[in-house]
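We number each residue from 1, following the sequence as shown. Please read these numbers as outputs of a predicted model, since none were measured by experiment.
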Amino acid sequence: MNSTLPITVVIPVHNGEQTIGDCLASVFRADPAPRQVIVVDDGSTDRSAQIAAAFPCSIIHTEQRGAAAARNAGARAAQGDLLFFLDADILMRPDTLTRIA
């Protein structure tokens, strides 16, 4: 389809270097694509943020305060009309965002 949906995907991550790359790859396979993808690095001490930086997403760095606070930080920065929260160890199907919209 090659268009975008008015959805912001927010992904909180804390020390998720083993899964964040696959998670983001699945998000960027979505067709149509989300308007925005935000990764909230919740005080990781591993390579989570560096792995996320390889993708065309926004990265917010926070002190470790937990997934709920990280989701809220991502929601405050969101520009899409809809928010979709995804954990960093989840793979998304290419049609997930279409079904949500």
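To the nearest 0.5 Å, atom CG of residue Leu24 and atom CZ of residue Arg29 are 10.5 Å apart. Rounded to the nearest 0.5 Å, atoms CG (Asn15) and CZ (Arg47) are 12.0 Å apart. Ile90 CD1 to Ser26 OG: the interatomic distance, rounded to the nearest 0.5 Å, is 9.0 Å. For the atom pair Asp87 CG and Leu91 CG, the distance stands at 12.0 Å (nearest 0.5 Å). In this structure, Thr8 OG1 and Leu5 CG are separated by 11.0 Å, a value rounded to the nearest 0.5 Å.
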Start with the C-alpha distance between Ile7 and Ile100, add both sets of side-chain angles, then the distance that settles side chain to side chain contact (heavy atoms under 4.5 Å, CB included), and finish with yes or no. CA-CA 9 Å; Ile7 296 175; Ile100 289 168; 4.3 Å; yes
Report the C-alpha distance between Ile60 and Val39 in whole Å, list the side-chain angles of each, state the deciding distance to 0.1 Å, and finish with yes or no for side chain to side chain contact (heavy atoms under 4.5 Å, CB included). CA-CA 6 Å; Ile60 298 171; Val39 173; over 6 Å; no
Using the side chain to side chain contact (heavy atoms under 4.5 Å, CB included) rule, take Phe28 and Val37 through it: C-alpha gap first, then chi angles, then the decisive distance, then the call. CA-CA 9 Å; Phe28 285 102; Val37 177; 3.7 Å; yes
Applying side chain to side chain contact (heavy atoms under 4.5 Å, CB included) to Met92 and Leu97, what does each step give before you reach the verdict? CA-CA 9 Å; Met92 196 176 80; Leu97 298 179; 3.8 Å; yes
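The minimum heavy-atom distance linking Ile11 with Val27 is given by the pair CD1-CG2, 4.2 Å. Shortest non-hydrogen contact noted between Glu17 and Asp46 is N-OD2, 3.0 Å. Here the closest non-hydrogen pair linking Ile59 and Ala49 is CD1-O, 3.7 Å. In plain terms, the two heavy atoms of Leu83 and Ala75 that are nearest each other are CD1-CB, 3.7 Å. Closest of all the heavy-atom pairs between Pro12 and Ala88 is O-CB, 3.7 Å. Residues Ser44 and His14 share a closest heavy-atom pair of OG-CA, 3.3 Å.
Side chain of Ser48 to main chain of Gly16: a donor-acceptor pair is present (N/O by atom type, distance under 3.5 Å, no hydrogens or angles). The closest donor-acceptor contact from the side chain of Thr96 to the backbone of Arg93 lies under 3.5 Å.
Taking 4.0 Å as the cut-off between side-chain N and carboxylate O, Arg71 and Asp42 do not count as a salt-bridged pair.
Within 6.0 Å of CD on Gln18 lie no more than 12 heavy atoms contributed by other residues, nucleotides or ligands.
Between Thr62 and Val40 there is a side-chain heavy-atom pair separated by less than 4.5 Å. Pro34 places a side-chain heavy atom less than 4.5 Å from the side chain of Val9.
Criterion: ILVMFWY side-chain heavy atoms under 4.5 Å apart, direct or through other members. Under it, Phe84 and Ile20 are part of a common hydrophobic cluster.
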